[in-house]
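Ligands are counted one by one from 1 in listed order, and the atoms in each one are counted from 1 as well. Keep in mind it's a predicted model, so treat the numbers as computed, not measured.
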Amino acid sequence: MHEALLTPYPFVKVALPVPMRTLFDYKVPKALALRHELKPGMRIKVPFGKSSRLGIIVALSETSDWDPEQVKPFTSLQDEAPVITKELMALCTWAARYYHHPIGDVFFHALPVLLRKGENAEFRTENWWFTTQQGQTQPLEQLTRAPRQQDFLKAVQQHPNGLSQHAASVLGLAPAAGKTLEEKGLLRREQRSFNRGGEKHAHQTQVPPTLNPEQSIATEELLDRRHHFGVALLDGVTGSGKTEVFLRVMERLIEEDKQILVMVPEIGLTPQTLKRFESRFNTDIVLMHSNMNDRERLDAWLLAASGHAKVIIGTRSSAFIPAPNLGLIIIDEEHDNSYKQHEGFRYHARDLAIKRAQNLNIPVLLASATPSFESLSNAIQKRFVWLKLRQRAGNAHIPEMERVDLRGQTLVNGFSESALAAMQLCLDRKEQVLIFLNRRGYAPTLMCHQCGWIAACDHCDVNLTVHKRANKLHCHHCDTQKALIHTCPECQSEELFTVGEGTEQIETQLHTLLKDTPILRIDRDSTQRKSAMAQLTQKIHEHDQAILIGTQMLAKGHHFPNVTLVIVMDADAGLFSADFRGMERTAQLITQVAGRAGRAKKPGHVLLQTYHPDHAAIECLCNLGYEHFAINGLSERRALALPPFFHQVIVRAESSNEQEAMQLLSAMRNDLEPLFSNEIFLVGPYAAIIVRKAGQHRALLSIKSAHRAPLHQATAMMTQWLEQSTRQHKIRFAIDVDPLETY
Ligand code: ADP
Ligand code: ZN
Ligand code: ZN
């Protein structure tokens, strides 16, 4: 007689994290089929070549495309329940097709690192302390001679529902004391699973402000639409109270027991943002970002997946976080480039989130003071609901922007006279100045006065940046670092000098110039340590007058109430960029930085230092603002058949040999172009602007079309061609759909 099989299918189709765009067939071992019901989304161990791999079951199957005798059985089952839910399975499958990326890699990308490595998808367990009956009534005085035990027992007595080991260490209680009390029969221990459910944080401390009319209209609109799919663009100037609007909408959805995913840019999540959420919602909030370790990320993932976490705040990769009751996705600073992954699986988290919301029939809210041209265009064409906030919330005013013409001026440390004067006045008023320079390090170039030698990276076609404080030469493209030298390697002269300025240099020079003024630098170098950013912002809030110098990190989401003057040192950076998105990015950065001024009651002022004060873009931005600028920019894009009016895919190839990458793309173009539809437009192959990076020579081919279907068809043909042709060669290729970088 046959025993009933829990899994009646003889085969599984499996996705593996390998660069092949295919699924792999395995047999279901009989013993396993008897005991387990296999489901798509579960992880299994499979033999692969001579080794073994972790794979994801994509489908159960009656048949195999291969000779059944040749199909190997898989080794073991890793999960009791799918780690890729049905919903995420659909999303990943769509993403693999849309981005022409190997499905196995997409699945693995969607999982936290520890699950990719085979860790169990379970909460870790933790010790909890409880009093025994005797321990509950034990008078503390009897322990006066053992103060640590006394403290320990007292703390546990005060927690009738138990004290976690984590909480005990936070209280500074000695673990040895706990053990002794256990031996005495006063305490007992229990293993409990680590899920912070129930350990509610806050008490609603913050009283929400009364919404202004613009905020009320936006909130009502969003509430009306909260149960269906739709994309809304909350387009509000910096400080207009966008966050306040989405806090209101979230509040209602939390009452309806929904989960909410709030996406923030890579470095935009400030301690301030988190505090604000925590002070408003009496519910479990989890974070998911790159500063957390792998275990913390898995814990957050589990809390979201179990439905415990009601609010999930995360960066790009949280687009894939499982959340069974997801009711809303918010994408803050939706224009931010960190939502696009620039290597490997090149997805855009915003676009993925929109697809996900559509599958789930829930709304998406995009928020920005400087919406991307893509989103603006969708809003103009009424594909997105366009909600505008044009007033600053409370009493704050929009800062004025003024151009400072640098032509013919004598500059002191890169500052014009009028900028220095404005800075002094601001400090005299006991207010803060923010200086924006999007270049970290001391100087971008080190040069020899005698022979003209320039310190360049050995692996890239770029100069090395001088970092004086760290005493290093650093390549910002491949991360190569060398000791700073003081003798020219070509002519042995000791007359080496730096050209150009970075944030570190401005900081050093202003220290000399303004001895007693606190000067704080905020860039990737000064904020490497985990808590550095929090400490810096703390310092900024402690001082009245101060100077903040920073890169684009400063442009993101921070609220410095005492900043009233912003100086953009080099407004021309990006003005003549080879990339057609250069202007858009510059305008976004300038507007965002400018928005740091005058966020509270004091009015703000912005100075843009430029050698091109009459450049149409700068003039438009200063006089008419971002929206005008963007609308002009969009009509230019339309005329030039550029995104978002045309869709684009870029194929990249790189080889250690100087010509190979270029030759490969040329050969592909020759082979395939005759087969493409006449709606396809090709440019290239062309060399990347920085041709050599980390030792690889890079070539690109751009494909455009007014319609997605022919573009995808052509891309699929190219992917197939490249997979076949690169099998023998050591050339790497990448497909970039909707690329943000095109050089
Ligand atoms: P944004 O997200 O658009 O930058 P925020 O929501 O952070 O703006 O609001 C900016 C500041 O104004 C915050 O300090 C916030 O508490 C305050 N604020 C927001 N809405 C109001 C309002 N209706 N009345 C008074 N203050 C407000
Ligand atoms: Zn020299
Ligand atoms: Zn380099």
**Asked** Taking N or O atoms only and a 3.5 Å limit, does Thr238 qualify as a polar contact for ligand 1?
**Response** no

**Asked** Going by distance alone, is a donor N or O of one side chain under 3.5 Å from an acceptor N or O of the other, for Ser216 and Thr219?
**Response** no

**Asked** So, Ser338 and Asp336: side-chain donor and acceptor under 3.5 Å apart, yes or no?
**Response** yes

**Asked** Between His474 and His476, how do the two ring planes meet: parallel, tilted or perpendicular, split at 30° and 60°?
**Response** perpendicular

**Asked** Have Gln391 and Ser240 got a donor and an acceptor in their side chains that come within less than 3.5 Å?
**Response** no

Side-chain atoms of residues 491-504: list all donor-acceptor pairs with protein atoms under 3.5 Å, sequence neighbours left out, distances to 0.1 Å.
unit_1 : atom_1 : unit_2 : atom_2 : d
Ser493 : OG     : Glu495 : N      : 2.9
Glu495 : OE2    : Gln450 : NE2    : 2.7
Thr503 : OG1    : Asp523 : OD2    : 2.7
Glu504 : OE2    : Lys468 : N      : 3.1
Glu504 : OE2    : Arg469 : N      : 2.7

**Request:** For the residue pair Thr465 and Arg439, confirm or rule out a side-chain donor-acceptor distance under 3.5 Å.
**Result:** no

**Request:** With sequence neighbours excluded, tell me which residues meet ring pair (Phe, Tyr, Trp, His ring centres under 6.0 Å) with His697.
**Result:** none

**Prompt:** Minimum heavy-atom separation for Glu334 to Leu366, with atom names?
**Reply:** CG-CB, 3.8 Å

**Salt-bridge criterion met for Asp736 and Lys340 (N-O under 4.0 Å)** = yes

**2.8 Å shell around the Zn ion (ligand 3), exclusive bound, protein N/O/S atoms** = 4

**Complete:** ligand 1 to Asn212, heavy atom cutoff 4.0 Å, flagged ligand atoms 23 (N)

**Prompt:** Below 4.0 Å from any atom of ligand 1, is there a heavy atom belonging to Gly236?
**Reply:** no

**Request:** Take the Zn ion (ligand 2) and tell me which protein N, O or S atoms are nearer than 2.8 Å.
**Result:** Cys448 SG, Cys451 SG, Cys488 SG, Cys491 SG

**Item:** Atoms of ligand 1, numbered as shown, that sit under 4.0 Å from any heavy atom of Thr210
**Value:** 22 (C), 23 (N), 24 (N)

